[in-house]
S.K.: 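Pasting in a structure now, in C-alpha cells, and then I'll have a few things to ask.
By convention in this document, chain letters (A, B, ...) are assigned in the order of the sequence lines, proteins followed by strands, and residues within each chain are numbered from 1.
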There are 2 protein chains.
Amino acid sequence: MSPKPASRSTRRTRRPQHATIRDVARAVGASISTVSAALNGTDYVSAAMRAKIEAAVQQLQYRPNDLARGLRLRRTHTLAIVVPDLSNSFYAEIVRGMKDYTAAANYTVLVGDSRERWAEEKLFLEMLHRRRVDGVVRVPAGDGNASQAAQVLGTIPVVYADRYPEADHPVAAWVGVDNARAAMDATQYLISLGHRRIAIISGPTTTRTAAERLEGYQRALRGIGAMHKEYIRNGELDMAGGARQAIELLTQAKPPTAIFCANNTMTLGALEAIQQLGRACPREISLLGFDDFAWSTLLRPRLTMVRQPAREIGMTAGRMLIDTIEERTRNRATQTLPTQLMVRDSCAPPLRP
Amino acid sequence: MSPKPASRSTRRTRRPQHATIRDVARAVGASISTVSAALNGTDYVSAAMRAKIEAAVQQLQYRPNDLARGLRLRRTHTLAIVVPDLSNSFYAEIVRGMKDYTAAANYTVLVGDSRERWAEEKLFLEMLHRRRVDGVVRVPAGDGNASQAAQVLGTIPVVYADRYPEADHPVAAWVGVDNARAAMDATQYLISLGHRRIAIISGPTTTRTAAERLEGYQRALRGIGAMHKEYIRNGELDMAGGARQAIELLTQAKPPTAIFCANNTMTLGALEAIQQLGRACPREISLLGFDDFAWSTLLRPRLTMVRQPAREIGMTAGRMLIDTIEERTRNRATQTLPTQLMVRDSCAPPLRP
DNA sequence: GCGGGCAGCCAAAACGATTCGAGCTTGAGT
DNA sequence: ACTCAAGCTCGAATCGTTTTGGCTGCCCGC
C-alpha cells in the first residue's frame, strides 16, 4: 500500500525531462495523432490547428525523440563508416566525402576507427547492429573478414570502399581505384626518368589492394626486365614500418635509386629515414608515394604521389549505400574511380642511371 | 475487405528483420521478462534456464535493440563531441582522448565537425537532442554561443573543452590550458634568444582563447617595453589567413625578426609564406607556433611549438561529463592542464638584434 | 501445522513516437 | 432527399525493451 503511491510520487517529481508529443497535444487540446500528422504533413490538418501546434512546439521546445521514432519506423536514418585509421587524412577525407553526400539526403553518420584491428572493428559493428543503423560502409581492417562482418551485421547492407576483402566472400558493392594500373603508371614514370633500380615498400600482401599495387609495380618492371627480388619489401602500413624498410633498402650493397611506397604513412617514414641517413632527395634518391594528403606540399621536398580521389570515394560509397537502402538499386555494383599522378619535387633522374 | 488481408500478408512476408527478445523467449519457452532478467542479471534465473537462453541468443544471433532500450531506460549511453575542424590533428587528438576514456566506461561517442560555423554546430546539436544523447562536450565554433547552445540542448549536460564562451553565460564545466601563461612563456623564450621585434598572428579576438594568448604576448613584451602595434595581427584561423598575415608582416619596412602564431594551421600558413618569400627560417626569421601536431617533426625546419596536451584534454572532458551524468559530481568544475614548449629548429637568435 | 522468506517465473505497464481505421461535418452532385 | 467525397480529428495498436508486483512452490524454523 505505502510503496505504490510513494513510487508514483517519486516518478512524478523526477526532473522535468524533455517535452513529448503528448505535451504538445495537451497544450493545444488536440490528440497526438493530429500533432503527428501536422508535424509530418501526413494527413489533413486545419490551418488554425497547424498554427497552434507550431506555436506550442516552439514554446515547449519540443523535439521528436528519434529513439521512439526509429523504433516505430524501423529506420533510423543513420549510416556508419568504419576506417582503419582516422588520423590518416586519406581516410578522414573519405569520411568527409561520405558525410557531405549523405547529409544532403538527411542521413547522419557514425564514424569508427578500427586502428587496423578486426577485433576493434567487430566491437564497433556490433554496436552498429544494436543501434539498428540503416547501412554501413567498411574500409575493412586487415584482411577484410567479410563473412564474419556479414554475420555480425545480419541484414544491414554494406558497401566496401578502398579496400576489399579476399574472395572468401562475395562482395556486393565496392568503390575504389584500379590499384594495379595506378601502381604500374607510377612505376613507369620512374622508369621514364631513367631509373632501373626501383624498390617498392608494399603493404602486407594479404590485403588485396597491397597485392595489386605490388602486381602493377612488377608488371612495369618485368616489361623492361628490371625486376629484382631484393628491392621488394613488405612493411607494416605505418611510419615506423616505412622507415625501417627504407633504411634496409638504402644501406644494402647496391641500393635502389628510387623508392615507391604503397601508402602515405609509409612514404613519410621513408622520407624520415632518407633525411636521417643524410641522403639528398631527390638528387641521390627519388621517392614516390601513394595516397596524397593535404599538407604534402609543405614538406621539403614536396612529395610526388599517386592521388586517390578520397572525397569522391566517400561520396560514391554514400550514394551506393543510400541507393540500396532506399531500394532504387543500381545494378552497377562496383565503381572504379580514376587516380592521378601528382608530380612534384621528390623524383628526379638518377645520378648514374 | 480485400485491402486488409492483403496488407496483413505483405506484412507477414516482409524481410525477416532482426531477432527480438520475444523470439528468444519463444525459442526457449519462457517469458520475455525472464529472458531480460537473464541477460541483464537483474533477477533470479535458474542455471538451466540461463543456459538455454544463452544458447538461443547465440543461435538466433540476437542483439538487443538499443533504440527500445534507450527509450525505456531514458539513457542511451551515448556521448557526443563537436569540434571546429576535424582535419586539424589537434582536435582529432582531443576526440581520440575522449573516445578512449569513455569507451572504458562503456559509452560510445558521436563526433561532429562544425567547420567553425555556429549554424552547422547548431544542426548537429539539434540532432543530438533528438537522439537523446546523455551529454556533450563542446569545442565551440566561433564565439561560443553558450546560451543558445544551452537552449538547444535543454537539460543535456555540457562540458567545454579548449575554448570557452564569453561571459554571456555561466559555464559549468571546462577543461583546457592557461593560454595567457603559455603565450607569455613562449614570447619570453623568443626574448631570451635576443629578439625584440616580435610579431603575433592571433586569432579573432572575439574568441576568448585568442584574446588570452594575445594578452600573454603583450604582457611579456610590455615587460621589456617592446610592444609595437604594427606587429599585432588578427588572422582567420586557417592556413590562408596565416600566410596572408605573414606576408604583410614580412614585407613591411621594418619587418619583425620573429613571428608567434596563435594556432597550428596559421603556423603552417606562415611557414609557407616564409618559404615563398625566400626567407631563411630560422636564420632570417624565427617562427613559433601554438598547438603541436604529430607530424611537425617532418617539416624543415622542424617547428618549435607550444604543445597542448590534446589527448588529456579529451580524456578529462570525457571524465567530467560522465561524472556529472552519473551524478558523482566533483565540485572542481574547471580543470587547467599544463602546456609544454617543444623547442625544435624554427627559432634562433636574430641576425641583428 | 503454519507463517514467512526465497528462488524462479510471468503478465502488464510503461517509454514516445507513427499509422490505420473510423467517426463526424459539410458541401456538392444526382 | 440521398449518396458520396473531402476535410478534420481521434482512439488504439504497434515497435522492442525494462521493471514492478504478484504468483507459485518449497524449505525452514517454530
Side-chain angles (χ1 to χ4, degrees), chain A residues 1-8 10-12 14 17-26 28-53 57 60 62-77 129-132, chain B residues 1-8 10-12 14 17-26 28-53 57 60 62-77 129-132:
Chain A
M1 200 182 265
S2 90
K4 198 173 187 178
S7 82
R8 264 285 179 79
T10 55
R11 192 174 292 164
R12 275 279 154 72
R14 274 263 277 292
Q17 290 299 55
H18 313 274
T20 75
I21 198 174
R22 179 167 281 108
D23 297 328
V24 176
R26 201 161 18 222
V28 303
S31 78
I32 58 176
S33 338
T34 303
V35 176
S36 173
L39 294 181
N40 300 311
T42 60
D43 205 350
Y44 297 112
V45 175
S46 69
M49 180 61 92
R50 190 183 303 274
K52 278 205 295 182
I53 287 175
V57 163
L60 294 177
Y62 166 73
R63 270 177 233 292
N65 184 326
D66 271 353
L67 300 175
R69 211 144 183 281
L71 181 58
R72 176 64 231 245
L73 296 182
R74 331 182 91 205
R75 288 283 309 281
T76 52
H77 252 70
H129 188 173
R130 287 198 307 267
R131 285 180 190 249
R132 301 297 190 265
Chain B
M1 200 182 267
S2 92
K4 197 173 185 177
S7 83
R8 263 287 178 76
T10 56
R11 193 174 291 162
R12 276 279 154 71
R14 275 262 277 290
Q17 290 299 56
H18 313 274
T20 74
I21 198 174
R22 180 167 282 106
D23 297 329
V24 176
R26 201 161 19 223
V28 304
S31 78
I32 59 178
S33 338
T34 303
V35 176
S36 174
L39 294 182
N40 300 311
T42 61
D43 202 352
Y44 296 112
V45 174
S46 69
M49 180 61 93
R50 190 182 304 273
K52 278 206 294 182
I53 288 175
V57 163
L60 295 177
Y62 166 74
R63 269 178 235 291
N65 183 325
D66 270 353
L67 299 174
R69 208 145 186 279
L71 181 58
R72 173 67 231 241
L73 295 182
R74 330 181 94 210
R75 287 283 309 281
T76 52
H77 253 70
H129 187 173
R130 287 199 307 269
R131 286 183 191 251
R132 302 297 191 266

S.K.: In residues 33-48 of chain A, what residues come within less than 4.0 Å of DNA chain D, judged by heavy atoms?
M.R.: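 Listed by number, they are A:Ser33, A:Thr34, A:Asp43, A:Tyr44, A:Val45, A:Ser46.
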S.K.: In whole Å, I'd like the distance from the CD1 atom of B:Ile32 to the P atom of D:dG16.
M.R.: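 Those two atoms, CD1 and P, are 11 Å apart.
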S.K.: Verify the neighbour count for atom CZ of B:Arg22: are there more than 12 heavy atoms of other residues, nucleotides or ligands below 6.0 Å?
M.R.: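 Not more than 12 within 6.0 Å, no.
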S.K.: Report the distance from atom CG of A:Leu71 to atom P of C:dA17, rounded to the nearest whole Å.
M.R.: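 After rounding, the gap between these two atoms is 12 Å.
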S.K.: Atom CE of B:Met49 and atom C1' of D:dT24: how far apart are they, to the nearest Å?
M.R.: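 It is 15 Å, rounded to the nearest whole Å.
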S.K.: Work out which heavy atom in B:Pro64 is nearest to a heavy atom in A:Arg132; give both atom names and the distance.
M.R.: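 B:Pro64 and A:Arg132 have their closest heavy atoms at O-NH1, 3.8 Å.
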S.K.: Between A:Ser31 and A:Arg132, which residue's closest nucleotide on DNA chain D lies nearer the 5′ terminus?
M.R.: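 Checking each residue's closest nucleotide, the 5'-ward one belongs to A:Ser31.
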S.K.: Considering just the side-chain nitrogens and oxygens of B:Arg74, establish if one lies under 4.0 Å of OP1 or OP2 belonging to C:dG16.
M.R.: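 Indeed, a polar side-chain atom of B:Arg74 lies that close.
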S.K.: I want to check something: taking the side chain as every heavy atom from C-beta on, are B:Arg131 and B:Thr76 in contact at a cut-off of under 4.5 Å?
M.R.: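 In short, these two side chains do not touch, never coming nearer than 4.5 Å.
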S.K.: Between B:Arg74 and B:Leu71 (side chain of the first, backbone of the second, donor and acceptor by atom type, cut-off under 3.5 Å), is there such a pair?
M.R.: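 No, the answer is negative, given that no donor and acceptor are paired below the 3.5 Å cut-off.
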S.K.: Provide, to the nearest angstrom, the distance between the CD1 atom belonging to B:Ile21 and the P atom belonging to C:dC15.
M.R.: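 Checked: the CD1 to P distance equals 19 Å.
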S.K.: Send over the distance from A:Arg72 CZ to D:dC15 P, rounded to a whole Å.
M.R.: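 After rounding, the gap between these two atoms is 8 Å.
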S.K.: Does B:Arg69 make a side-chain N or O approach to OP1 or OP2 of D:dT18 shorter than 4.0 Å?
M.R.: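 B:Arg69 to D:dT18 OP1/OP2: side-chain N or O found under 4.0 Å.
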S.K.: Nearest 0.5 Å please: distance from the CZ atom of A:Arg72 over to the CG atom of A:Leu67.
M.R.: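 So the CZ of A:Arg72 and the CG of A:Leu67 are separated by 16.0 Å.
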S.K.: Starting at atom CZ of B:Arg22, determine the distance to atom C1' of D:dT18, rounded to an integer number of angstrom.
M.R.: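 That distance rounds to 13 Å.
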S.K.: What is the distance, rounded to the nearest whole Å, between atom NE2 of A:His77 and atom P of C:dA17?
M.R.: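 Answer to the nearest Å: 17 Å.
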S.K.: Expressed in angstrom and rounded to an integer, what is the separation of B:Leu67 atom CG from C:dA14 atom P?
M.R.: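 Roughly 22 Å, once rounded to whole Å.
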S.K.: Can you find a pair of side-chain heavy atoms, one from B:Asp23 and one from B:Arg26, that are under 4.5 Å apart?
M.R.: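 Side chain of B:Asp23 against side chain of B:Arg26, heavy atoms only: contact under 4.5 Å found.
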S.K.: So, for B:Val35 and B:Ile21, which heavy atoms are closest and what is the spacing to 0.1 Å?
M.R.: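 Reported closest heavy-atom pair: CG1-CG1, 3.6 Å.
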